[in-house]
Amino acid sequence: MSALTSRPSAGSALRFGRLATMGTVAVLLLIAGVWASWGTAQHVMLTKGRERGTMTVTRCADDRCTGSYAPVSEGSTPRDRVTISSTVVVEKGETYAVVVKPGSDQVVRTGPGGLLYAWVPLGGALLLASLVVAGGLRLSRLAWVLGGAGLTLLTAAFVAL
């Protein structure tokens with residue numbers, strides 16, 4: 001038996017290293033997308049026990065809009081001033097269904113638009129992960145599925161808001 005056939009080739013080791021590295025990068029991108037989305041999505045999805053109501057936008061400046069809060073749920077108190085990110089596509093004078101973040105005066109939009117907007121970071125992560133999967137792992141079908149899911153999520157959020 002020759003020495004060349006008894007040892008794994010360097011090409012196999014490099015291929016395994018590439019697959020392990022790119023797989024790790026793709027998984028980390030997806031974990032980061034979920035992590036970034038969950039900060040807002042938890043308030044939209046898990047509303048039981050949270051203060052729910054409506055916000056009437058009175059002023060927008062920079063990247064924040066402010067307005068008054070009228071409660072809808074039991075135990076919620078009215079507030080003269082709450083803030084919401086203006087990137088959620090809010091307009092002055094309009095009223096939106098919101099949930100108050102516990103222990104703050106910040107609110108997040110609820111409903112389909114708020115839910116889709118909360119998961120936008122995951123949509124971006126899906127698009128980035130699809131590039132890693134296609135280029136680094138050379139799994140084109142999985143890459144198309146990831147990219148399609150990300151694009152669908154981002155498009156749905158854009159349309160809903």
Side-chain angles (χ1 to χ4, degrees), residues 21-137 139-161:
T21 302
M22 291 296 114
T24 302
V25 169
V27 168
L28 285 175
L29 280 170
L30 294 175
I31 290 171
V34 170
W35 186 271
S37 297
W38 187 246
T40 302
Q42 66 177 324
H43 303 295
V44 178
M45 295 172 62
L46 308 173
T47 59
K48 185 175 182 181
R50 299 194 194 267
E51 293 185 73
R52 290 174 285 144
T54 59
M55 174 191 182
T56 304
V57 178
T58 56
R59 182 174 176 262
C60 289
D62 298 327
D63 63 341
R64 299 303 246 168
C65 291
T66 58
S68 60
Y69 170 79
V72 172
S73 62
E74 271 188 49
S76 184
T77 58
R79 293 176 171 85
D80 292 332
R81 185 173 185 260
V82 291
T83 61
I84 191 169
S85 173
S86 64
T87 58
V88 187
V89 188
V90 293
E91 296 180 18
K92 188 176 175 181
E94 295 292 320
T95 301
Y96 300 96
V98 295
V99 172
V100 179
K101 288 186 176 181
S104 73
D105 66 346
Q106 295 181 0
V107 296
V108 293
R109 275 182 72 169
T110 59
L115 180 63
L116 289 168
Y117 177 75
W119 289 105
V120 162
L122 177 61
L126 285 165
L127 285 175
L128 287 174
S130 73
L131 296 175
V132 172
V133 168
L137 297 176
L139 298 172
S140 59
R141 287 184 186 153
L142 179 59
W144 278 107
V145 169
L146 291 172
L151 188 61
T152 300
L153 178 59
L154 293 174
T155 303
F158 177 76
V159 169
L161 292 175

Quick one, Leu161 with Arg109, criterion side chain to side chain contact (heavy atoms under 4.5 Å, CB included). Give me CA distance, side-chain angles, the key distance, then yes/no. CA-CA 10 Å; Leu161 292 175; Arg109 275 182 72 169; 3.6 Å; yes
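- Rounded to the nearest 0.5 Å, atoms CD (Gln42) and OG (Ser37) are 11.5 Å apart.
- Considering only heavy atoms from C-beta on, Val98 stays 4.5 Å or farther from Thr54 through its side chain.
- Counting only distance, with no hydrogens or angles, the side chain of Thr110 and the backbone of Ala97 share a donor-acceptor pair below 3.5 Å.
- Taking 4.5 Å as the limit, every side-chain heavy atom of Val82 sits out of range of all side-chain heavy atoms of Gln106.
- We find the CG-OG1 distance between Leu116 and Thr152 to be 11.0 Å, quoted to the nearest 0.5 Å.
- Distance check: Asp63 CG to Ile84 CD1 gives 12.0 Å after rounding to the nearest 0.5 Å.
- Between the side chain of Arg64 and the backbone N or O of Cys60 there is no donor-acceptor pair closer than 3.5 Å.
- Within the 4.5 Å cutoff, no side-chain heavy atoms of Val44 are placed close to those of Val99.
- No donor-acceptor distance shorter than 3.5 angstrom exists from the side chain of Ser76 to the backbone of Glu51, with no hydrogens or angles considered.
- Under the 4.5 Å side-chain criterion, counting only non-hydrogen atoms from C-beta, Asp80 is not in contact with Ser68.
- Counting heavy atoms from C-beta outward, Arg50 and His43 have side chains that approach closer than 4.5 Å.
- The distance from atom OG1 of Thr58 to atom CZ of Arg81, rounded to the nearest 0.5 Å, is 8.5 Å.
- In plain terms, the two heavy atoms of Leu30 and Ala129 that are nearest each other are CD2-CB, 3.9 Å.
- Minimum interatomic distance between Ala134 and Ala143 (heavy atoms only, all atoms of both residues): CB-CB, 3.5 Å.
- Atom CG of Leu146 is separated from atom CG of Leu139 by 9.5 Å, given to the nearest 0.5 angstrom.
- To the nearest 0.5 angstrom, Tyr69 atom OH is 8.5 Å from Arg52 atom CZ.
- Put simply, the side chain of Leu154 reaches to within 4.5 Å of the side chain of Leu127, judged on heavy atoms.
- Residues Gly23 and Leu137 approach most closely at N-CD2, 3.7 Å, considering heavy atoms.
- Distance alone, capped at 3.5 Å, places no donor-acceptor pair between the Thr56 side chain and the Glu94 backbone.
- Of all non-hydrogen atoms in Ala160 and Gly113, the two that sit nearest each other are CB-CA, 3.8 Å.
- Between Arg79 and Met55, every side-chain heavy-atom pair lies at or beyond the 4.5 Å cut-off.
- Scanning both residues, Cys65 and Val57, for their nearest heavy atoms gives CB-CG1, 4.0 Å.
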Between Val107 and Thr83, is a side chain to side chain contact (heavy atoms under 4.5 Å, CB included) present by the stated rule, with each step listed? CA-CA 6 Å; Val107 296; Thr83 61; over 6 Å; no
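- Summarising the geometry of Arg59 relative to Ala61, their closest heavy-atom pair is NH2-CB, 4.1 Å, with the distance given to 0.1 Å.
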Check the pair Trp119, Trp38 against side chain to side chain contact (heavy atoms under 4.5 Å, CB included), reporting the backbone distance first and the verdict last. CA-CA 8 Å; Trp119 289 105; Trp38 187 246; 3.9 Å; yes
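- You'll find the side chain of Leu153 stays beyond 4.5 Å of the side chain of Val120, heavy atoms only.
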